[in-house]
There are 2 protein chains.
Amino acid sequence: MLTELTDRQRQTYDAIREHLAHHGVTPKLAELGQALGIQSRGVVHRHVRALVDAGLVEVEPGRHRGIRLAGVVPMPGVMELPLLGRIVAGQPLEAIPDEATIDLGQFFMGPGRFVLRVQGDSMIEAGILDGDMVVVKQVEHAANGEIVVALIDGEEATLKRLRNNRDGSVTLQPANRALAPMIYPASRVQIQGVVVAQLRSYR
Amino acid sequence: MLTELTDRQRQTYDAIREHLAHHGVTPKLAELGQALGIQSRGVVHRHVRALVDAGLVEVEPGRHRGIRLAGVVPMPGVMELPLLGRIVAGQPLEAIPDEATIDLGQFFMGPGRFVLRVQGDSMIEAGILDGDMVVVKQVEHAANGEIVVALIDGEEATLKRLRNNRDGSVTLQPANRALAPMIYPASRVQIQGVVVAQLRSYR
DNA sequence: AACGATAGAGAACATTTGGAGAACGTGCAA
DNA sequence: TTGCACGTTCTCCAAATGTTCTCTATCGTT
């Protein structure tokens, strides 16, 4: 899939992801052009269109900043592991007959998702440790209690639990008793995405 | 097959594969020439054509970077998600340029592995919560400090951190201050596997 | 010495790829 | 609401690239 892209199209794809990593939002065409050294928005648009055709990116037509990362659609059946059962403290393994395998593809993959490596202990009581990966789905609004990636003042990105207060302010609450919740006016907080999954590898 | 090639053709074939391994894409003729010490694109093209006749390589005519390795099915990252960066509390997102995607396959898949759904809070301080999945690799012996699935008296299966004591006994230590460690003679404890990964789905 | 096989340089050409910029309509913020 | 910014489409152009040629050189064999 990546192999049928031209050099410039591949660079465009990388630049979109890099911009998303740095600024928290996908770039506009002029910004993409600046990153790539291209003056013409038309040229950038042609490259983005090629990425859409390749299925790597989605675009909301006409919208400003309308580029979205597309998830690679997994082939069903390829990423399955046997699901043996439920382990209970003090109980033998319990077989689960109806749910014989778990499809990791359905577990994690989807459009507009990306992975972040977590650094720090601010969510440790929610079971998200230093070094864990979180799968984030790009959304602009999240519900109370969801764990979100939030951009504060367009600069600082944090991973916190979200609470929308009645007075219009927003509380970003760490899952760590040593850290205090942060309260901001809604205008200063921009939701970048919600955590849909978490994964950890033991070496 | 390879025996019918001349020295230079064999070197060309190796250079193509090396470029693919190193850069992720097949080389253009000029790049191939540089790797081989050849000035003329025409000469490189002749060598590539010989590889096509030998069935080792395929070419999309006219396309830039049109060389494809024959027999290599381009199944690029069926299970890959973009790995955007590292998120730090209070810091902007930090890009990870060299590690652009995470392959969930390599993360989880492997021989002798299966998945268990965890019930209970006995490992909560190790970031393994009630309802999480753990990927377990079947082994019979584990090292100190590893999280293992252990069978006690052939009946009760538990998920605990392992410690082999000097007197031959085995300590199964929960990651939960409310629960006490359990000490058994080694004869009563059978290791079924070690936890190699953990994953959790929100919603 | 003659010959064929292998290999390289470079010219010439067609096509692909990439870019600039104008023009237009619309989303979006002041 | 209005003005601007932005996405979109278009034409024209230049450079890069693949492709095909011819000419030359080296080496081993007959």
Side-chain angles (χ1 to χ4, degrees), chain A residues 1-16 19-20 23 25-54 56-70 140-141 151 153-154 185-191, chain B residues 2-16 19-20 23-54 56-70:
Chain A
M1 190 165 303
L2 275 163
T3 57
E4 42 197 55
L5 298 180
T6 68
D7 289 358
R8 221 60 175 120
Q9 289 162 7
R10 198 173 303 109
Q11 291 168 14
T12 302
Y13 183 55
D14 292 341
I16 293 173
H19 192 281
L20 182 57
H23 302 88
V25 291
T26 51
K28 18 187 171 179
L29 294 184
E31 292 170 338
L32 248 187
Q34 189 175 2
L36 294 165
I38 297 174
Q39 317 295 323
S40 164
R41 295 194 309 267
V43 175
V44 178
H45 180 266
R46 193 204 297 153
H47 290 154
V48 172
R49 177 66 86 99
L51 295 178
V52 172
D53 294 340
L56 293 172
V57 140
E58 292 169 358
V59 163
E60 305 181 49
R63 279 215 145 66
H64 297 188
R65 250 182 241 287
I67 301 177
R68 296 286 175 268
L69 288 183
E140 294 173 1
H141 300 286
L151 200 66
D153 296 331
S187 60
R188 293 179 59 191
V189 176
Q190 182 182 0
I191 304 298
Chain B
L2 277 163
T3 57
E4 310 165 355
L5 298 180
T6 67
D7 288 355
R8 221 57 176 122
Q9 290 163 7
R10 200 184 338 270
Q11 291 167 15
T12 303
Y13 183 55
D14 291 341
I16 292 173
H19 192 283
L20 181 60
H23 298 92
V25 291
T26 51
K28 351 181 189 187
L29 293 184
E31 293 169 340
L32 248 187
Q34 189 174 3
L36 295 165
I38 297 174
Q39 316 295 321
S40 164
R41 296 194 309 260
V43 174
V44 179
H45 181 266
R46 193 201 298 151
H47 290 153
V48 172
R49 177 65 85 102
L51 296 177
V52 172
D53 294 340
L56 292 172
V57 140
E58 292 167 359
V59 162
E60 302 183 49
R63 303 283 294 270
H64 296 191
R65 247 181 244 288
I67 300 177
R68 300 284 176 268
L69 285 184

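Throughout, a chain's letter reflects where its sequence line sits, starting with A, and its residues are numbered from 1. These numbers come from the heavy atoms of this one structure, side chains and all, not from hydrogens, waters or symmetry mates.
- Q39(B) has its CD atom 17 Å from the P atom of dA7(C), to the nearest Å.
- The distance from atom CD of E60(B) to atom P of dT15(C) is 18 Å, rounded to the nearest whole Å.
- For dG18(C), one of the phosphate oxygens OP1 or OP2 lies less than 4.0 angstrom from a side-chain nitrogen or oxygen of T6(A).
- A straight line from CG of L29(A) to C1' of dA22(C) spans 16 Å, rounded to a whole angstrom.
- Proximity of Q11(B) to L36(B): side-chain heavy atoms (C-beta onward) are separated by under 4.5 Å at one or more points.
- More than 12 heavy atoms of other residues, nucleotides or ligands shown are found within 6.0 angstrom of CD on E31(B).
- In this structure the side chain of L51(A) never reaches within 4.5 angstrom of the side chain of I67(A), judged on heavy atoms.
- Comparing D7(B) and D7(A), the nucleotide of DNA chain C nearest to each residue sits closer to the 5' end for D7(B).
- The distance from atom CZ of R65(A) to atom P of dT8(D) is 14 Å, rounded to the nearest whole Å.
- To the nearest angstrom, P of dG18(D) lies 7 Å from CD1 of I67(B).
- Without hydrogens or angle criteria, R10(A) side chain to L5(A) main chain gives a donor-acceptor distance under 3.5 Å.
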Is there any protein nitrogen or oxygen under 3.5 Å from a nitrogen or oxygen in nucleotides 20-30 of chain D, and what are the pairs?
{"unit_1": "dT20(D)", "atom_1": "OP2", "unit_2": "R49(B)", "atom_2": "NH2", "d": "2.9"}

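- In this structure the side chain of I38(B) reaches within 4.5 angstrom of the side chain of H47(B), judged on heavy atoms.
- Mapping H64(B) and I38(B) onto DNA chain C by nearest heavy atom places I38(B) at the nucleotide closer to the 5' end.
- Note on R8(A): a side-chain N or O is less than 4.0 Å away from OP1 or OP2 of dG19(C).
- The distance between atom CZ of R63(B) and atom C1' of dA14(C), rounded to the nearest whole Å, is 16 Å.
- Spacing between atom CG of L5(B) and atom C1' of dT6(C) amounts to 13 Å, rounded to whole angstrom units.
- I191(A) is not listed as a side-chain neighbour of H141(A), based on a closest heavy-atom distance of 4.5 Å or more.
- For Q9(A), the listed nucleotide lying nearest its side chain is dG18(C); candidates were dA16(D), dC28(C), dG18(C).
- Interatomic distance, T6(A) OG1 to R65(B) CZ, rounded to the nearest 0.5 Å: 9.5 Å.
- Here the nucleotide nearest the side chain of H47(B), chosen from dA7(C), dT17(C), dC28(C), is dA7(C).
- Here dA16(D) presents its C1' atom at 11 Å from CD of E31(B), a figure rounded to the nearest Å.
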